[in-house]
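As structure tokens, the structure follows; a few thoughts come after it.
Keep in mind that this is a model prediction, so the values were computed, not measured. A, B, ... follow the sequence lines: proteins, then strands. Residue 1 opens every chain.
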There are 2 protein chains.
Amino acid sequence: MGATKTDHFTDKQNELAIIIKALAHPARIAIVEYLLTVNTCICGDIVNELPLAQPTISQHLKELKNAGLIQGNIEGNAVCYCINPKIFKKLEKLMDELFKSIKKQKNTCC
Amino acid sequence: MGATKTDHFTDKQNELAIIIKALAHPARIAIVEYLLTVNTCICGDIVNELPLAQPTISQHLKELKNAGLIQGNIEGNAVCYCINPKIFKKLEKLMDELFKSIKKQKNTCC
DNA sequence: ATTTAATATCGCAATATTACGATAAAAGAT
DNA sequence: ATCTTTTATCGTAATATTGCGATATTAAAT
């Protein structure tokens with residue numbers, strides 16, 4: 001085993017899980033937060049900012065990109081990464097649905 | 001390797017990552033959603049609801065519990081699981097901070 | 001053309017996750 | 001006391017993730 005049984009869950013559940021999973025690592029959260037502090041989307045000085053080796057950062061960037069959370073555009077020599085607000089909006093919507101139904105729930109718990 | 005280098009990131013980043021990670025699996029999202037549909041917090045019929053074996057569910061419940069997202073109270077024979085709104089509120093707050101700074105950002109991207 | 005700089009990819013080791021059968025533990029039912 | 005039900009834990013196999021050194025790739029700089 002080791003592989004998630006995605007086929008048994010709804011598309012929505014899988015979609016949310018994929019987006020969330022991409023954010024489920026402190027380095028990737030740090031990358032996203034860093035991209036938010038630099039208004040112009042600076043590229044690979046993320047490597048200088050974070051305490052991880054260049055290949056590791058590159059891998060995390062790839063995962064964020066695969067989930068659609070960031071974009072990478074080639075600019076000559078370097079690559080310019082930036083937030084993709086679209087997917088974050090989708091995430092916000094999905095999470096809001098969750099948060100709303102939690103607030104609706106009568107807390108008659110155990 | 002294989003172990004996350006948590007010590008290099010901020011407490012906030014690690015905390016958010018832990019909560020998010022607990023939700024980063026369709027089965028665990030499904031469990032949370034199921035707990036929200038049954039107002040009275042029913043216990044182990046989660047096993048009947050989801051297409052996974054009982055030990056697998058038990059393991060997922062443990063992870064949700066470890067992250068504080070759900071609670072489990074023993075009721076005689078059975079165990080009664082339910083949402084813990086506290087941690088969801090914390091999650092909502094942390095995510096809201098993220099979403100807000102995304103909206104603030106001028107989208108002068110690449 | 002060669003060198004330099006910035007990223008990506010490969011390959012690997014260490015560890016974590018996912019899933020489940022078998023079994024244990026605890027409480028209720030007979 | 002024994003059986004049944006419910007849940008947790010153990011052990012294990014399959015796979016995924018994390019991290020990084022070494023190397024490839026690409027484009028700019030000399």
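In Asp11(B), the CG atom is not crowded: 12 or fewer heavy atoms of neighbouring residues, nucleotides or ligands sit closer than 6.0 Å.
One atom, NZ of Lys5(A), and another, C1' of dT17(C), lie 15 Å apart when rounded to the nearest Å.
Ion pairing between Glu33(B) and Lys12(A) fails under the 4.0 Å rule for side-chain N and carboxylate O.
The side-chain heavy atoms of Val32(A) and Phe88(A), taken from C-beta on, include a pair separated by under 4.5 Å. Looking only at side-chain heavy atoms (C-beta outward), Ile20(B) and Met95(B) come within less than 4.5 Å of each other. Within the 4.5 Å cutoff, side-chain heavy atoms of Leu35(A) are placed close to those of Ile70(A). No side-chain heavy atom of Leu98(B) sits less than 4.5 Å from a side-chain heavy atom of Ile29(A).
Using a 4.0 Å cut-off on heavy atoms, none of the residues of residues 6-30 of chain A approach DNA chain C. In the region residues 67-82 of chain A, proximity to DNA chain C at under 4.0 angstrom, judged on heavy atoms, holds for Asn77(A), Ala78(A), Val79(A), Tyr81(A). DNA chain D lies under 4.0 Å from at least one heavy atom of each of the following residues of residues 47-66 of chain B: Gln54(B), Pro55(B), Ser58(B), Lys62(B).
For Ser101(B), the side-chain contact (heavy atoms from CB on, under 4.5 Å) criterion is met by Leu36(A), not counting sequence neighbours.
Annotation for Leu64(B) and Ala22(B): closest pair CD2-O, 3.7 Å, computed over non-hydrogen atoms.
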Which pairs would a plain distance check flag for residues 45-60 of chain A, meaning a side-chain donor or acceptor within less than 3.5 Å of a matching protein atom at least two apart in sequence or in another chain?
residue  : atom : partner  : partner atom : Å
His60(A) : ND1  : Arg28(A) : NH1          : 2.9

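The side chain to side chain donor-acceptor pair (under 3.5 Å) contacts involving residues 65-76 of chain A comprise nothing, where partners must be two or more places apart or lie in separate chains.
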